[in-house]
Amino acid sequence: MELAITNLLFNRKAKNRKLDAVKQQNLTHAKVNCTYNIRGIDTEDKCMKDFLFTLGCFEGEKVTVISVLADNYIIHVKDARYSIDKELARAILI
Amino acid sequence: MRIALAGNPNSGKTTLFNAITGRIEHVGNWPGVTVAKKEGDVKRELNRTGSTIRAVDLPGAYSISPFTSEECITSNFIRDEDPDVIINIVDAASLRRSLFFTTQLLELGIPVVIALNKIDQVKRKGITINTDKLAEKLKCKVIETSSTRKKGLAELIAAAAEVRGKGQEAPFSSPAGLDDTDRAGVEAADRERFAFVDKLVEEVEVRKIDSSRLTIQDAVDRIVAHKIWGIPIFAVVIFAVFSISQVWLGPLLADYFVGWIDGLYAYVEGLLGDGVSPLLSALLLDGIIGGVGAVVGFLPLIMVMFFLLALLEDCGYMARVAVVMDRYLKKVGLSGRSIIPMILGTGCAIPGVMATRTIRDPRQRRTTAMLTPFMPCGAKLPVIALFAGVFFKDAAWVGTTMYFMGIAIVIVGALIIRRIVRESPVRSFFIMELPEYRLPSIKRAFISMMSRAKAFIIKAGTIILVCNALVHIMQAFTWSFQPVEEGMQSTSILATLATPFAVLLIPLGFGAWQLAAAALTGFIAKENVVGTLAVVYSISNFIDTEEFVLVSGAGDVAAVLGLTSVSALAYLMFNLFTPPCFAAIGAMNAEMGSRKWLWAAIGFQFGMGYTVAYLVYQIGTLITTGSFGNAVIPGFLAVAFFIGLLIHLMHRKEQRASAGVKEVA
């Protein structure tokens, strides 16, 4: 019984951790020159989200990190290239 | 008839605007150069309608719903001012993104003509676009253009004239009765809009190369925008710019130029003859020709410099500098966008300060407006060139150091201001489209250089001329309007006015009233520093200093000015890093929108300039001579007061912040 509960708890924790890891997977973790699907935009700032939307940067769209320069990420979305800072890269979940 | 030019940032709107109107608005190969709308009439040779067509250049926007202040200007204009036709400039290389805005414009009912711009670049990249099909699908005319090569412009204007008053059918409409406040609804509609665009692009565009791959351009980016190497590379580039403009090419041209000015001086002198009153001839010769000539003598150096800076901007390098600088500015609490005003500020502080408008957060905007004038602007270049030439044998490191000194002061200043003013909760983010590198156009750089040179000459012929004449009169007469007697120069109006200020400058190593007067006139226009020095010391030729030695026999210019190398450097920095000219202060006032901020900014700039000059003079003198310079103690008190005030303000903010936390708890 005790074991079962521990197991349950442990598994749940493990599951949670896995979920967290998936949730935190954002553009800063992306491999250079790999194309990813955007899973969502995680930000409190509505303006930032709306602005990214107008660039075609929203869930379901494809994004490629071309290179990392200084603290900026050069990304390719909808046939256009942008330099974005870490703050923005963190908000783009992949 | 009025046509509005609208499109995404860096799609080439201003280049197209300049090409069709013949105006010379500032363009850069990077987004965000245009922050306000500009109007001009279409050139006659392009306009076959017989009536005038007015073109309005709008700042770049990604969508009709405004998220940035530039987008606000654009969407307000299109919605409220009812242009007859909209020319939508579309970067042919990024249809997928650009047509989103296009479909929004098509919904407004105003006839739209699409200028498929940068078409030459696209063809080179192996992308083919079926223009006819695109036009058919979008239900509007599509004209292929290349604004840099001036192709397709007449067709574009003709098409715009033709569709006037015809109305516009929308290929895609968002659901009727959609409320702007209904976020989910708007988002769903916009998603569909993107889906529509994607489908359309699939049909009209064939790409041979996948553009999401690493190219040579990216390889170059990795070097010039490198975390560590980015800054040294920028330093080398700026050093090269100064070397070419101040050591190699610039002086060569300047020598010829100064020869002409000397010729003019001699010609006018001969023309006046002996019959004219000596006071009048002195005013004309030494005051006006000498003073203005001294400033204008630097024109070739400045033109070479502007030419090189325009090349750098045009090839796309400056956008990379913005990327490199972004991380440093972020760390000191500025916005990544702050770099754009600062780079524009190296031309002139006024457009630089105006460009701070694009920064959303008021604290960051005001801080940037306050710090942008520390970047050496075009008007400060003659001052730098004068001191580099006279005291440091035209060394290119002087100008380069002044640039990086400006950047360093900006960073230190931002750190201080962040600790005084409470940070707002708004998180800033930085996004910039990286323009492609391209071979810079000599012609565009030449046009940009000529327009700046023209502005410089106009300024020299108006403000600076008047100032020099006044300075000359003020130093030639006493308060009782008697001519100043030989050897009694300190009784002149100018001397008595400037002396109280000169006293304050003794701790900085330059307590002469002449130098104080020059610094004071610098607030009207920074070039005046050179002009006034020329007038008060009767030196008309700062370029060819060897010749000067022969003429005056009084040693060299350095000896006449009575400055050591160290105090000259201090004086140069004092002039560069105190408040800018009145016009730039006016721009600061407009963008800050707060008297309190304005006065704080002026006070801060004074304090900063004084402190920097003090430290350079005293520490430099200590190193070179082994003891401190003049009046080290009073100067120390003044500097200590300034620093103490800053510390007090920082401390007060901390106290308030902790009090705030208690209240919340």
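Letters go in sequence order (proteins before strands), and every chain restarts at 1.
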Most contacts with chain A, counted as non-hydrogen pairs under 4.5 angstrom, among B:Ile228, B:Asp198, B:Val324, B:Leu95: B:Asp198
Max heavy-atom pair count under 4.5 Å with chain B, selected residue of A:Ile84, A:Val77, A:Asp71: A:Asp71
Grab the two heavy atoms, one from B:Phe194 and one from A:Leu55, that are nearest each other, plus how far apart they are. CZ-C, 4.1 Å
With a 4.5 Å heavy-atom cut-off, do B:His226 and A:Leu69 have their side chains touching? no
Please report the interatomic distance CD1(A:Ile74) to CZ(B:Arg320), rounded to the nearest 0.5 Å. 7.5 Å
Pair B:Arg97, A:Asp79 - check salt bridge (Lys or Arg N to Asp or Glu O under 4.0 Å), show working. CA-CA 7 Å; B:Arg97 198 262 327 276; A:Asp79 297 337; over 6 Å; no
Between atom CZ of B:Arg327 and atom NZ of A:Lys86, what is the distance when rounded to the nearest 0.5 Å? 8.5 Å
Tell me if the NZ atom of B:Lys331 is crowded by more than 12 foreign heavy atoms within 6.0 Å. yes
Could you tell me which portion of B:Ala93 (side chain, backbone, both or neither) has an atom closer than 4.5 angstrom to a non-hydrogen atom of chain A? backbone
Is chain A contacted by the side chain of B:Gln217, its backbone, both, or neither, given a heavy-atom distance below 4.5 Å? neither
Given a strict heavy-atom distance threshold of 4.5 Å, which part of A:Tyr73 is in contact with chain B: side chain, backbone, both, or neither? neither
Chain B contact via A:Ile75 - which portion, at a heavy-atom distance below 4.5 Å: neither
For the atom pair CE (B:Met432) and CG (A:Asp85), what is the distance rounded to the nearest 0.5 Å? 11.5 Å
Chain A contact via B:Arg193 - which portion, at a heavy-atom distance below 4.5 Å: neither
Quick one: does B:Asp190's side chain get under 4.5 Å of A:Phe53's, heavy atoms only? yes
Nearest heavy-atom neighbours spanning A:Arg81 and B:Glu433: O-CG, 3.1 Å
Taking the side chain as everything from C-beta on, heavy atoms only, tell me whether A:Lys78 gets closer than 4.5 Å to B:Phe100. no
When rounded to the nearest 0.5 angstrom, what distance separates CG in A:Asn72 from CG in B:Asp221? 11.0 Å
Give a yes or no on whether a salt bridge exists between A:Glu59 and B:Arg191, defined as a side-chain N under 4.0 angstrom from a carboxylate O. yes
